[in-house]
Structure formats: C-alpha cells, structure tokens
Amino acid sequence: MNTEPSYSEQEAIRRQSLESIRAAGINPYPAEMFPVNASAKEILSSFTDENKEQWTQICLAGRLMSKRVQGKASFAVLMQDGVRIQLYVNRDEICPGDDKEGYNSLFKKWLDIGDIIGVKGYVFRTMVGEITLHVQELTLLSKCLRPLPIVKTDADGNVYDAFSDPELRHRMRYVDLIVNPDIRSTFIARSKIVSAMRSYFDAQGWLEVETPILQPIHGGAAARPFKTHHQALDVPLYLRIANELFLKRLLVGGLEGVYEIGKMFRNEGMDKTHNPEFTSMEIYVAYKDYDWMMGMVEDCLAHITKAVLGRTTAEYAGNILEFQGPYARIPLFEAIQQQTGIDVSGMDEEQLRNQCKVWNIPTSPDMGKGKLIDQIFGEKVEKTLIQPTFITDYPIEMTPLAKKHRSKEGLVERFELFISGKEVANAYSELNDPIDQRERFEDQLKLANRGDADAMSLDEEFLKSMEFAMPPASGLGIGIDRLVMMLTNQTSIQEVLFFPQMRPESAK
RNA sequence: GAAUCCUUAGCUCAGUUGGCAGAGCACAACACUUUUAAUGUUGGGGUCCUGGGUUCGAGCCCCAGAGGAUUCACCA
C-alpha cells in the first residue's frame, strides 16, 4: 500500500493551519484538563440582567460552529452538549498586550469551524438582546482537520444546505450528531425508554441477566442465523436469534423473575423495520400466565411513556397512540372475522389455502395451517391495529414454545401486541411440559422436512433442563427498536440506531 | 429479490438540442470593534459514481457494474 494521502483544498488549508499553530508554540491537542465550570444550557436558561454579576469567570468548552469576523471584534457560535451559544471575541481583550497574534492569527486565521475550543469570560446581553459569552481567554483544545458541513437556519426557521443525505448521515453519524443536534433527542429518548423499563422491572424484584450470544444451536425463534466458528473448540457457533431457551433454564434454576435486554442477530432482509442486529427485551416471570402478562405490559408501557414523554400518549405516523391501559384484547380468529366477515377457525389446511386464493393472498406449498393463518392475519388485520392491541390465542402450529390453551382446543396461550400496524411484543404462558415440548419440536422437524426453512430446531439440552421441572411462567419479548420508533415518531429503524447496518462503501 | 428514481465542488443543488463545468453556503485574500443565514470586493476549488460503447465532440445518448432513496415482495 503506497497511498499518498491526497487532501482536498480545504483539508490542505486546515493542515497548514495546524502546522502554523504548532510553529507558534501552541499544542493543538493539549493534554491539560480544561476547567469547564458551566454549560451553555444553564447559561441560556438562568442568566438574567439582574444576576449578571454571578456569570463571570465562566469556562465553557465546545465546538466552533460559526465565525463572523468584523475587524477587531468577532462573533462566533459555540456548540456545547448540543446547545449553541454565541461568543463575543474582542481583539484587545483576548490580547491585552502589544502582541495581537492570538487574535489576528490564531482566532481569525487558524481556527476553523469544527475546532473544539475552550473559552473563559463573562456572560452579557448584546445590543440586540442575545445572551453571549464575552471571551477573555481562548484555548484550542482539538483541531478539526476536515471541513464540517455548515447548516444554516434563518430567522424564519428555514434551513439552508442541510446535511440530509441518509447514506452520509448514517455512515458518519458523528457528523450528523454535530450538525443536526435535534437528532440527539431520539437517542436520548431511547436511553430513557430502556432506563425506565429497567427501573420498572427492578422495582418488582426481577433480575437482569446476561445469556450467551454465541450459541451452539440457534433456538427460541424462527429465523436464519449468522454462523461463525470457534477455533479452539473447532465447532460451529451461531449468533443468537433469541435468548428464550437460556432464560427458561434460569427459571428451572429457581430464579423467579429474569430479564435480559440485548442484541439479537438475524440473517435476513433489511428494511424500515428490520436491521440484522436489533435490541430485544425478554422477561420470564414464574407462577404467572399470559393474562397477567397483558396487565403487566399495559402497566409497564404506561410507566415508560410517562417517564419519557411525561404523558401516556404519543404521536406516531399521524395518529395519537394511547398507552394507558387497558388495551383491546382480541382473539386472533375473532380479529380475522371482524375484518373479513369470515370465520376461518374451523378450516383445515386445504380450505385455508382456497380462502387465500379467494382473497388473492400469496401462499406456498411448504406453508402449514399455522403459517396460512398468520399470512391471512398479516394481510387482512395487522395494518388496522393502530392503537395498542393484544391479539390472543394463536394456532398451536405457529407456536412451539407456548402452553396449550386452557380451554380452546388447537390454540395456545399466546398474545402479540400490535401498535400502529406493527408487532411490538410477543408473549406466552410458557410451555413447561417436557413431553409436550418434545412433541412440538418434532412437529417443527416435520415442517422443516416439508421445506419450511424457519422451522425451529430441536434442542436436547433445553429439553433436558425442562425435564428437571420448569415452574409455570409467563414470558414476554419486546422489540426495543420498534418501541423506540413508536415513542419518538420515527418511521425508520435506521433513525433509532446510531449505526444502522449499511452495505460496504464501494472502493474508490 | 422486483420496479422506479437518484449519484456533478466540503454541504445543498442547477446544468437548455450532445458543443469551454455552474450557483449559494463553506474556503482563501483584503476591509470592517455589537453581529447573527453578518456585510462588501476579489480569488481558488471538479476522477461530473466506475468501466465500456456511439460520436468530430458525452455530465447529458446506449450497455454493464457499484452505491443510495422510494414502493412492493420476503422475513417471529
């Protein structure tokens, strides 16, 4: 590799400035701590003309976002922790002696937009009324060598030269965060959502745990895994598509409430609601059933929305979502009947397939009864479920890990939570009968042999643990990314992930 | 996986019938001590995504490829 770095004109100029700074005896990347003692946010919210004597000797650090030189005095904008504050820089005040280089060279010539600087001074209000830091000392803290996109907003709020290309924004999320500070609010909300969920569970005495990401058998869900290899053991390993089977082992071990918040990995398509790695929350609570779990979900989501938004409603894709329970609870077959007027609950596989033809719903020969019903539900019902809604009581064929329904033949005790037409959560009264569990896995094998690539594989180690007796329990999985989307009014999963998966950049 | 559209300066974008590569911001130089999309004057900056083809001549037309966006399909 003999790659002579080639710089754009603007990069070359910045590197020349860097050399000039060094030649002047200034370290552009100093080691000393800069003694920050204030924030832009508190200055802008707390400064008044009456208490201005409290706002001296203020030390602020941040990124230089604009520079307006007007001869011997200048205005600049510093962005500190996402908040912009104006600076006033006067030549004779930052350079009180005869040597004016600190202003004429360092500030006017060598400092560029994007540089991180520290400033010390006092707060005042300019003639036009803007709260401004009057700079008395200026320190370069880190030189920026690449030109930063400059986004300007006029008095009417019109944005000019927005940094808006999604590809660039996602590949260089750090630049996105600098020049589009509003996107911080989505990620702050994300952090608060997870934190509120965690504190809710912790308050119930449930234990946060970690289970293996590298698994010898990818169980607990139906999806294509990422495969890798362990050198020392010389065995294949899979990145987990779910953690359900390990959390259930902990139930066997006597932990009565366990939950895990973490990444799952599925080797499938990418679109507005799918990223190959995504965050899920899975929780299992012993001696509960899925009815109890529905109540817990309502209570938990209301708690989260209150903690994050200060209310129980959220606007999403043009609708006002109400997270205060109780949510509608509709059995799957009733939901289909409500939308189509047809009861498909008594139909066998052949009748379901014919009904799909009538409705122009695509099917394939490897689809069993469960998948056909799921397909009908997806086509006819899913999009209509705007407000949080529990769909309950699924056919047994679709759900090999859930307990058989206490009263309805052929169904399992399962619910899914739909919000704005998308699945956000999935829960069961967990199957804990090891004999039944083995049979269910064997049914999955039959589906796999028919060509269903998603059918679950049999996990002997998991079955062994269940044979030691697993307490009756209810389990729940929530797609954290989708929940964050709902609560931050983002319609693309890429906007709630700092670093969404992207295709590799083409070699230039 | 399919269809449609897009890819031109650091950023946002124009680019006429195929005939010298453009604007605003940013950058450089000069001026300017309360501006705020600062201003004025001057200037520099380009692998027009990549590779082929047609043509006297291609940013523009044709073919192939890469990447992106949107919609659809697939995916608990």
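Remember, predicted model here, so these are calculated numbers, not experimental data. These values consider heavy atoms only, across backbone and side chains, with no hydrogens, waters or symmetry-generated copies. Residue numbers start from 1 in every chain, and the chains themselves are labelled A, B, ... in the order their sequence lines are given, proteins ahead of strands.
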Separation of the [atom1] atoms in [N] and [M], to the nearest angstrom:
N      : M      : atom1 : result
B/rG65 : B/rU4  : P     : 14 Å
B/rU42 : B/rU7  : C1'   : 33 Å
B/rU55 : B/rU50 : P     : 23 Å
B/rA23 : B/rG45 : C1'   : 14 Å
B/rA31 : B/rA21 : P     : 35 Å
B/rC11 : B/rG53 : P     : 31 Å
B/rG44 : B/rC61 : P     : 31 Å
B/rC48 : B/rC5  : P     : 24 Å

What's [X] touching, base or sugar-phosphate or nothing? Going by heavy atoms closer than 4.0 Å.
X      : answer
A/E11  : nothing
A/K152 : sugar-phosphate
A/E93  : nothing
A/K109 : sugar-phosphate
A/S66  : nothing

Of A/V151 and A/M127, the one whose nearest nucleotide on RNA chain B sits closer to the 5' end is A/V151
Of A/G477 and A/F163, the one whose closest nucleotide on RNA chain B sits nearer the 5' end is A/F163
Measure from the side chain of [X], starting at C-beta and using heavy atoms only, and say which of [options] lies closest.
X      : options                : answer
A/E167 : B/rU34, B/rG44, B/rG67 : B/rG67
A/T126 : B/rU33, B/rU35, B/rA69 : B/rU35
A/K272 : B/rA26, B/rC11, B/rU71 : B/rU71
A/R171 : B/rA37, B/rU33, B/rG67 : B/rG67
A/D271 : B/rU34, B/rC11, B/rC75 : B/rC75
A/N90  : B/rA76, B/rC27, B/rU33 : B/rU33
A/P147 : B/rC25, B/rG10, B/rG68 : B/rG10
A/R266 : B/rA76, B/rU34, B/rC27 : B/rA76
A/T132 : B/rU35, B/rG68, B/rA26 : B/rU35
A/D161 : B/rC25, B/rA76, B/rG10 : B/rC25

- [ ] Classify the side-chain pair A/R482/A/H274 by whether it contains a donor and acceptor separated by less than 3.5 Å.
- [x] yes
- Side chains of A/Q501 and A/H170: do they bring a donor and an acceptor to under 3.5 Å? no
Which base, if any, makes a Watson-Crick or G-U wobble pair with [N], both distances under 3.5 Å?
N      : answer
B/rG19 : B/rC56
B/rA3  : B/rU70
B/rC30 : B/rG40
B/rG51 : B/rC63
B/rA14 : none

With a 4.0 Å cut-off, would you call [X] and [Y] a salt bridge?
X      : Y      : answer
A/D161 : A/K152 : no
A/K446 : A/D443 : yes
A/K109 : A/E101 : no
A/E349 : A/R353 : yes

| Between A/Q375 and B/rC74, does any side-chain N or O lie under 4.0 Å from OP1 or OP2? | yes
Between OH of A/Y88 and P of B/rU33 the distance, given in whole Å, is 10 Å
note: A/L87, atom CG; B/rU34, atom C1'; distance rounded to Å ~ 14 Å
Item to complete: In sequence, state the C-alpha distance, the side-chain angles, and the governing distance for A/K403 and A/D436, and then conclude on salt bridge (charged side-chain N to carboxylate O under 4.0 Å, His left out).
Response: CA-CA 9 Å; A/K403 191 174 274 193; A/D436 190 0; over 6 Å; no
Would you please indicate if the ring centroids of A/F418 and A/F377 are separated by under 6.0 Å? yes
Open item on the list: Does the structure show A/Y160 stacking with B/rA37, if we require the centres to be closer than 5.5 Å and the planes to be within less than 30 degrees of parallel?
Closed with: yes
Answer yes or no: side-chain N or O of A/Q70 and base N or O of B/rU34 forming a donor-acceptor pair under 3.5 Å.
-> no
